[in-house]
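Chain A is the first sequence line, chain B the second, and so forth, proteins listed ahead of strands; every chain is numbered from 1.
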Protein chains: 2
Amino acid sequence: MKRNSRLSLALHTLSHMAEEPNRVRTSADIADHAGTNPVVVRRVLGRLREAGLLTSEKGHAGGWRLARSPQQITLADVYLALNERMIATGPDYEVPSCSVEHALFRRVTTVLTEVEASLVQKLSETPISAISGT
Amino acid sequence: MKRNSRLSLALHTLSHMAEEPNRVRTSADIADHAGTNPVVVRRVLGRLREAGLLTSEKGHAGGWRLARSPQQITLADVYLALNERMIATGPDYEVPSCSVEHALFRRVTTVLTEVEASLVQKLSETPISAISGT
DNA sequence: GCATACGCAACTAATAAAGTTACATTTAGC
DNA sequence: GCTAAATGTAACTTTATTAGTTGCGTATGC
């Protein structure tokens with residue numbers, strides 16, 4: 001794995017799960033499939049659980065499962081759950097003091113925010129069931 | 001500066017240039033405004049030049065200038081010039097051997113490619129002149 | 001010829017992410 | 001209860017990317 005790996009891992013895993021929603025999978029199984037390791041899987045899937053897309057159960061016979069039907073989970077849900085905004089200029093760029101600069105800065109930020117919203121809108125049109133074979 | 005800095009730097013610089021298209025700017029000037037240094041500026045703007053968005057001239061009184069009018073340069077041009085695909089699963093994820101896996105893999109890739117195309121389409125609707133004050 | 005610009009290569013430093021190890025906690029089944 | 005198997009999480013190491021820096025070659029206008 002390399003870059004964009006969280007989104008990639010999340011999508012592949014969810015698509016798989018969408019094919020057999022009732023099957024419980026352990027992070028070790030998922031890691032094997034994805035060619036990574038269980039802790040990394042738990043880190044990524046943990047975010048999806050926080051967002052209400054997955055549930056996990058501890059202990060013997062525990063593991064991961066979809067929290068709702070594959071038709072009700074869209075790519076936007078996954079994208080937002082990972083909380084990795086691809087576009088927005090973060091709040092780290094030094095905010096300019098000059099007012100002209102500041103106005104320019106705000107216009108750039110505004111446009112990028114709109115673009116991101118449009119991206120999320122587009123993502124929300126595709127449920128993960130459309131990616132799985134079912 | 002931190003992340004997304006190339007896109008950020010490019011957009012801010014181009015927006016500035018859009019306000020006074022005839023003015024030639026040195027990488028040192030631009031670096032001062034952006035709070036970075038001239039070499040970094042040349043690296044980023046170099047990509048925009050390769051994409052035909054900017055021209056640069058060496059020597060005394062040299063510097064950077066828009067290659068065409070601000071109305072004719074869109075955010076998609078900038079995004080594509082930087083060649084940083086934000087979405088696509090690169091060709092680095094190990095390609096699965098199992099045919100079922102392979103089919104799933106291809107569907108994920110296809111969907112992400114479509115999403116990226118839609119993003120570029122959206123970006124192409126905004127020229128940099130819309131961000132500058134003019 | 002000299003000052004001033006870009007072009008580029010090479011190196012360092014900072015950052016983020018994946019990978020790894022270790023251990024606590026929870027749960028099912030005996 | 002004991003044990004095996006699973007998640008949860010913290011800490012650390014490794015790796016990859018990027019910004020930053022330095023130095024020097026080359027081009028250009030005065």
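Going from atom CG of A/D29 over to atom P of D/dA5 covers 13 Å, rounded to whole Å. Rounded to an integer number of Å, the gap from CD1 of A/I30 to C1' of D/dA5 is 15 Å. What separates CG of A/N83 from P of C/dA17 is a distance of 11 Å, to the nearest Å.
Summarising the geometry, atom CG belonging to A/L53 is positioned 9.0 Å from atom CG belonging to A/L82; distances are rounded to the nearest 0.5 Å.
Of the residues in residues 43-68 of chain A, those lying under 4.0 Å from DNA chain C by heavy-atom distance are A/R43, A/K58, A/G59, A/H60.
An OP1 or OP2 oxygen of C/dC6 is reached within less than 4.0 angstrom by a side-chain nitrogen or oxygen of B/R42. Between A/N37 and C/dG19, a side-chain N or O to OP1/OP2 separation shorter than 4.0 Å is absent. Under 4.0 angstrom from either OP1 or OP2 of C/dG19 there lies at least one side-chain N or O belonging to A/T36. Between A/T26 and D/dA6, a side-chain N or O to OP1/OP2 separation shorter than 4.0 Å is absent. Residue B/S5 places at least one side-chain N or O under 4.0 Å from the OP1 or OP2 atom of D/dA19.
Hydrophobic clustering keeps A/L45 apart from A/V24 (ILVMFWY residues linked when any side-chain heavy atoms are closer than 4.5 Å, directly or through intermediates).
Between B/T74 and B/S124, the shortest heavy-atom distance links the atoms CG2-O, 3.4 Å.
Minimum atom distance to the side chain of B/V39 is reached by C/dA9, of the listed C/dA9, D/dA19, D/dT18.
With hydrogens and angles ignored, the 3.5 Å screen pairs no side-chain donor or acceptor of B/S118 with any backbone N or O of B/E114. Looking only at distances, a side-chain donor or acceptor of B/R107 sits under 3.5 Å from a matching main-chain atom of A/I131.
Under a 4.0 Å N-O distance rule, the pair B/R68/B/D77 qualifies as a salt bridge.
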